[in-house]
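Every chain is numbered from 1, with letters handed out A, B, ... down the list of sequences. All values below were derived from every heavy atom in this structure, side-chain atoms included, with hydrogens, water molecules and symmetry-related copies excluded.
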Amino acid sequence: MDYNFREIEKKWQRQWAEKKVFKTEVSADKPKFYVLDMFPYPSGAGLHVGHPLGYIASDIVARYKRLKGFNVLHPMGYDAFGLPAEQYAIKTGQHPGITTKQNVDRYRSQMDKIGFSYDWDREFRTCDPDYYKWTQWAFLKMFGSYYCTKCGKALPIEELEAHFAKNGSKDCNAACTEELSFTAQEWNSWDEARKSEVLMNYRIAYRGKTSVNWCPELGTVLANDEVKDGLSVRGGFPVVQKKMDQWLLRVSAYAERLLDSLDSLDWTDSLKEMQRNWIGRSSGTEVVFKVITGDRERDVTIFTTRADTMFGVTFMVLAPESELALELTTPTKMAEVQEYLSYVQKKTERERISDTKTVTGVFSGSYGINPLTGEKVPVWISEYVLASYGTGAIMAVPAHDSRDYAFARKFDLPIVPIIEGCDVSEQSFDAKEGKMCNSGFMNGMDVKDAIEAAKDYVEAHHLGRRKVNYRLRDAIFSRQRYWGEPFPVCFDGDIAIPLPDEALPLELPEIEEFKPTETGEPPLSRAKDWTWEGKPLETSTMPGFAGSSAYYLRYMDPHNSQALVSKEANEYWRNVDLYVGGTEHATGHLIYSRFWNKFLYDLGYVCEDEPFRKLVNQGMIQGRSSFVYRVVGTNQFVSSELKEQYQTQELHVDISMVRNDRLDKDAFRKWSPEYADAQFIPADGDYICGSAVEKMSKSMYNVVNPDQICEDYGADTLRLYEMFLGPLEQSKPWDTKGIDGVHRFLRKFWKLFYEGDTFLVQDEEATPQELKVLHKLIAKEESDIDTFSFNTTISAFMIAVNELTDLGCHKKAILEPLAVMLSPFAPHIAEELWHALGHQDTVTYASFPEYVQAYTVEDTATYAVSFNGKTRFTVDLSKSLAPAEVEAHVRALPQTEKYVGEGSIVKVIVVPGKIVNIVVK
RNA sequence: GCGGGUGUGUUGAAAUUGGUAGACAAGCUAGACUUAGGAUCUAGUGCCUCCGGCGUAUGGGUUCGAGUCCCUUCACCCGCACCA
């Protein structure tokens with residue numbers, strides 16, 4: 001019997017599915033392990049060979065943990081709401097639900113071929129009403145909550161209302177959009193509409209007018225992380241700024257907690273750093289400047305992290321979008337300012353980003369008074385100041401801030417250095433080092449001390465206060481499109497009224513046309529009778545991240561109709577032990593999920609503060625494209641190494657026609673009628689194609705389909721090869737060269753069990769030498785699993801199989817544990833051989849062999865002395881020593897300073913003068 | 001500009017974390033067997049002036065010993081980008 005992977009894989013995949021081998025239940029007597037993949041958005045193109053990389057890695061861990069006796073939760077589902085399906089619907093009239101279903105089915109059938117150990121009974125789609133009921137439910141909870149800054153958690157909004165009725169806004173400690181001030185009497189006198197408006201200022205899910213990223217082409221608003229370089233991430237359409245009424249989530253209230261608990265997570269430093277930057281904590285000072293506009297006078301608060309430089313302030317700057325801009329403009333300057341503001345407005349976000357070098361601005365006519373020096377400085381308006389950060393107004397210190405410096409140079413404003421000996425003739429001196437000068441009470445201080453001294457001074461003299469600012473903005477939660485979760489909210493005039501929980505799920509209504517209306521209203525306004533008890537329902541829908549923010553909780557208890565997740569299930573599974581996915585979600589999904597989870601934690605619905613304890617980012621698998629070179633104006637194609645001699649045009653060719661860079665000429669001629677009579681100019685014999693590493697995509701003809709690999713080599717080979725390609729976290733190009741190597745390994749493995757139809761395995765006692773091979777491998781696999789060094793594990797397997805082949809070992813005592821150990825990587829062949837060894841049950845729940853140290857040491861060891869040059873000699877460490885004996889032997893050596901014994905290797909350092917290295921192989 | 005990371009044969013990469021650099025594969029070369037293939041097996045394969053020496057981007061340092069630690073320079077990748 002040969003290694004017939006097609007038959008074997010089909011057989012076991014069917015059996016696993018029929019017997020529901022991977023079905024998981026809460027079982028209190030077993031330790032739990034929750035391994036999760038970032039669920040995919042099922043696109044129309046299907047899976048290519050890069051998608052399963054992370055799934056394979058997590059599947060290996062899931063299967064390994066099962067062997068180690070863990071109760072493993074390993075689910076999969078689909079992030080099914082989203083733009084592409086809707087775009088397609090607009091073009092074709094096809095309902096996005098239908099497209100989505102087709103794509104999901106395709107994904108599922110592709111995944112089934114790879115032999116994943118998912119518990120498919122827990123599968124769901126975010127567009128299932130049973131699922132999005134809980135997305136809507138969470139939204140209602142957020143609508144009904146505010147964030148108490150004093151106790152640092154979300155509380156019911158009713159408590160805040162009670163507080164307002166009793167004390168007004170005094171001591172309310174609620175995170176808010178803007179600071180409001182009113183008395184209890186005022187609150188009690190207001191009507192419902194006014195109260196509703198005021199409460200919006202505090203709710204965690206709230207409605208507000210904000211400047212948003214509007215994408216006219218897509219007819220929708222996009223979150224900051226959905227925009228790149230002024231273009232939409234999906235589709236690449238221009239994005240402009242627009243003021244609109246939007247639902248938002250008060251993520252900013254959680255900024256501090258999101259930042260602080262990062263430390264407790266087992267994520268990569270770079271990912272944590274990305275989140276830290278995104279949250280962008282900066283602690284500084286708010287300082288009040290008096291500003292005189294003609295004969296009017298008012299206070300303007302600015303934010304600075306460099307209060308120490310206040311003696312160097314030579315002007316102030318306002319953001320053009322800030323309300324202050326017009327308010328502080330004098331009548332004589334009004335026309336000029338108006339013109340500047342309209343100039344800024346016309347600029348798209350894109351231009352503003354790509355053009356940060358050009359300095360623009362206009363003088364408002366007002367003057368501010370420096371509270372420290374009493375000096376009068378001009379107030380300017382410029383686009384380099386952002387309305388949405390700090391207070392929208394800054395003090396400018398051109399000597400010590402490069403942006404202020406550029407501005408001062410452009411408009412010829414004075415530059416006053418306040419750090420001793422710094423040269424500001426060419427550029428500003430931004431570094432926080434040196435001794436202060438020209439700075440009154442701070443003179444002579446070190447800059448770092450001066451920063452603190454200035455803060456103290458400002459607070460002591462009531463000129464302002466310490467303030468921590470975050471860059472993290474509230475998340476815009478409305479999208480003007482159809483294919484998303486409807487908001488369970490209706491309107492009575494301007495008052496937003498939440499639907500009762502019993503109304504959930506509020507199902508997405510059927511409509512005929514998926515475009516926005518002519519007046520720019522979202523598609524849902526086309527729905528007939530889109531009302532609740534006679535009141536119009538919200539017509540925008542929730543964004544993509546809504547459905548993916550709590551999905552990991554739903555997997556714990558996916559069929560529960562009473563709760564998002566039962567207390568029992570949540571307290572057993574708690575949170576995700578290992579989360580595997582791409583780094584592209586660093587500042588989107590991974591922030592929103594953490595926020596969403598913390599919110600549910602505050603309300604007591606979940607028992608863990610953080611959703612994902614350990615996170616691993618798999619790298620991207622790029623494509624390797626192949627090219628032919630057409631001699632310009634002819635139908636001749638010149639081989640890659642000769643292309644310099646001609647004027648050529650580079651054309652992508654489908655990589656299925658290329659093997660080891662050699663083109664299958666006949667296939668190429670058949671590829672397209674255009675090439676039917678193509679002529680080739682090869683160097684000698686074969687036509688060699690050029691190649692490049694690019695994104696894997698249809699248009700580059702470099703897509704490798706996993707189905708094809710499964711067909712040609714089998715799922716086990718695919719799994720092994722994807723892991724063998726290199727470290728998991730690294731991006732690497734797919735190159736089918738070399739896949740034969742791992743395939744050959746599986747066949748060699750098979751041959752340890754079978755020769756032809758003869759089953760070779762004998763029940764004999766293993767020799768120490770054979771046991772050593774086994775135990776080396778056990779040690780390797782156990783240590784590699786934690787670090788995801790699956791490529792080296794596979795190498796170790798190859799070595800072991802080669803050694804056993806050389807030893808002619810066909811002993812059950814060795815081969816049976818080997819099959820178990822291989823099963824996470826290549827489950828089908830392992831299952832087949834496990835059964836061949838006479839087992840009835842499945843290898844999935846076999847027990848991973850224990851590491852027996854007694855046979856790790858060989859007869860002799862190399863005793864290398866690398867002291868004073870390179871003397872080396874061999875010493876006999878007697879026969880078959882156990883590590884403990886080696887250790888004793890080594891300890892008996894004179895002046896042993898350090899002993900490190902692990903696995904099969906013993907390391908010794910002897911001093912003084914002599915450093916001895918003992919390697920036991 | 002700021003932050004994070006990487007740099008080892010022809011290629012993917014490994015190196016017990018400071019201890020014989022290049023494991024394991026791929027490719028290439030030669031040979032064997034041939035029912036001629038994208039099969040299997042064997043041997044070789046870092047470089048050189050080859051009884052020796054040199055080699056982990058570059059230059060320096062620490063150390064008995066450095067791919068690994070520290071500093072310099074260079075190159076590439078990723079993230080953020082007027083955040084005051």
- Message: Is a donor from one side chain sitting under 3.5 angstrom from an acceptor on the other, for A:Y713 and A:D740?
- Response: yes

- Output the single nucleotide from B:A14, B:G38, B:A84 whose closest atom is nearest the side chain of A:T792. B:A14

- Task: Check the pair A:D2, A:Y754 against side-chain hydrogen bond (donor to acceptor under 3.5 Å, both in side chains), reporting the backbone distance first and the verdict last.
- Result: CA-CA 8 Å; A:D2 278 338; A:Y754 284 102; over 6 Å; no

- Query: Going by atom types only, do A:S428 and A:H400 share a side-chain donor-acceptor pair under 3.5 Å?
  - Reply: no

- Query: Whole-Å distance between B:G5 P and A:R276 CZ?
  - Reply: 12 Å

- Message: Suppose you measure atom C1' in B:G4 against the same atom in B:A84; what distance do you get, rounded to whole Å?
- Response: 24 Å

- Considering only the P atoms, how many Å lie between B:C51 and B:U56, rounded to the nearest integer? 23 Å

- NA contact type, A:N791, heavy-atom cut-off 4.0 Å: base, sugar-phosphate, or nothing? sugar-phosphate

- Query: Strictly by modelled atom types, are A:D474 and A:S252 linked by a side-chain donor-acceptor pair under 3.5 Å?
  - Reply: yes

- Task: Examine the side chains of A:T301 and A:E286 and answer whether a donor and an acceptor come within less than 3.5 Å of each other.
- Result: no

- From CZ of A:R744 across to P of B:U40 the rounded distance in Å is 5 Å

- Message: Taking the minimum atom-to-atom distance to the side chain of A:I394, which one of B:A84, B:A13, B:G27 wins?
- Response: B:A84

- Where does RNA chain B pair, written as one dot-bracket string 5' to 3', with Watson-Crick or G-U pairs under 3.5 Å, ( ) inside the strand, [ ] for crossing pairs and | for another strand? (((((((..(((......[....)))((((((.(..)..))))))(((...)))..(.(((..]....))).))))))))....

- Within this structure, what is the NZ-to-P distance between A:K776 and B:C24, rounded to whole angstrom? 11 Å

- Task: Please measure how far the P atom in B:C78 lies from the corresponding atom in B:U63, and state the result in whole Å.
- Result: 40 Å

- Using a cut-off of 4.0 Å on non-hydrogen atoms, how would the nucleic acid contact of A:P733 be classed: base, sugar-phosphate, or nothing? nothing

- Task: Might you confirm whether atom CD of A:Q427 has over 12 heavy atoms from other residues, nucleotides or ligands at distances under 6.0 Å?
- Result: no

- Task: Determine the Euclidean distance between corresponding P atoms of B:G22 and B:U10; express it in Å to zero decimal places.
- Result: 16 Å

- Query: When you compare B:G53 with B:U49, how far apart are their C1' atoms, in angstrom units rounded to a whole number?
  - Reply: 10 Å

- Going by atom types alone, do A:T587 and A:Y592 pair a side-chain donor with an acceptor below 3.5 Å? no

- Taking CZ from A:F790 and P from B:A14, how many angstroms apart are they, rounded to a whole number? 14 Å

- Checking all strands, does A:L725 fall into the base, sugar-phosphate, or nothing category for heavy-atom contacts under 4.0 angstrom? sugar-phosphate

- Quick one: is A:Q730 getting a side-chain N or O under 4.0 Å of the B:A13 phosphate, OP1 or OP2? yes

- Item | Residue A:I799, side-chain heavy atoms: nucleotide from B:G79, B:A26, B:A23 that is nearest | B:A23

- Note on the structure: The nucleotide from B:A84, B:C24, B:C82 with an atom nearest the side chain of A:F724 is B:C24

- Query: When all nucleic acid strands are considered with a 4.0 Å heavy-atom cut-off, which category describes A:N802: base, sugar-phosphate, or nothing?
  - Reply: sugar-phosphate

- Of the listed nucleotides B:G4, B:A84, B:A26, the one nearest the side chain of A:E273: B:G4

- Query: Nearest to the side chain of A:F303 - B:A25, B:G79, B:A84?
  - Reply: B:A84

- Note on the structure: From CG of A:N617 across to C1' of B:C77 the rounded distance in Å is 15 Å

- 5'-most contact on RNA chain B (nearest-nucleotide basis), A:D269 vs A:G741, goes to A:D269

- Message: What's the closest nucleotide to the side chain of A:Y389 if the choices are B:C41, B:A39, B:A84?
- Response: B:A84

- Look at the side chain of A:R747 and decide which nucleotide, out of B:A84, B:A39, B:A25, has an atom nearest to it. B:A39

- Minimum-distance nucleotide (side-chain atoms of A:S282 versus B:A84, B:A13, B:A15): B:A84

- Could you work out the separation of B:C76 and B:A81 based on their P atoms and round it to a whole Å? 23 Å

- Query: Base, sugar-phosphate, or nothing: which does A:S270 touch, judged by heavy atoms less than 4.0 Å apart?
  - Reply: sugar-phosphate

- Message: Syn if the chi torsion is within 90° of 0, anti otherwise; quick check, which is B:G55?
- Response: anti

- Query: Rounded to the nearest Å, what distance is computed from the CZ atom of residue A:R471 to the P atom of nucleotide B:C2?
  - Reply: 15 Å

- Can A:E722 and A:K732 be counted as an ion pair, charged N to O under 4.0 angstrom? no

- Query: Roughly how far apart, to the nearest Å, are B:U6 and B:A25 at atom C1'?
  - Reply: 23 Å

- Item | Anti/syn call for B:C50, syn if |chi| within 90° | syn

- Message: Rounded to whole Å, how long is the line connecting atom NE2 of A:H743 with atom P of B:G38?
- Response: 16 Å

- Task: Please figure out whether A:T304 or A:K732 has its closest RNA chain B nucleotide nearer the 5' end.
- Result: A:K732

- Test: A:R466 and A:E452 ion pair at under 4.0 Å: yes

- Message: Nearest to the A:N277 side chain among B:A15, B:G3, B:A84, which nucleotide is it?
- Response: B:G3

- Item | Residues A:K780, A:D784: salt bridge by 4.0 Å N-O rule | yes

- Message: Quick check on B:U17: syn or anti? Syn means the glycosidic torsion is within 90 degrees of zero.
- Response: syn

- Nearest-Å distance once atom C1' is located in both B:G79 and B:U73: 24 Å

- Query: Within this structure, what is the CG-to-C1' distance between A:D735 and B:A13, rounded to whole angstrom?
  - Reply: 13 Å

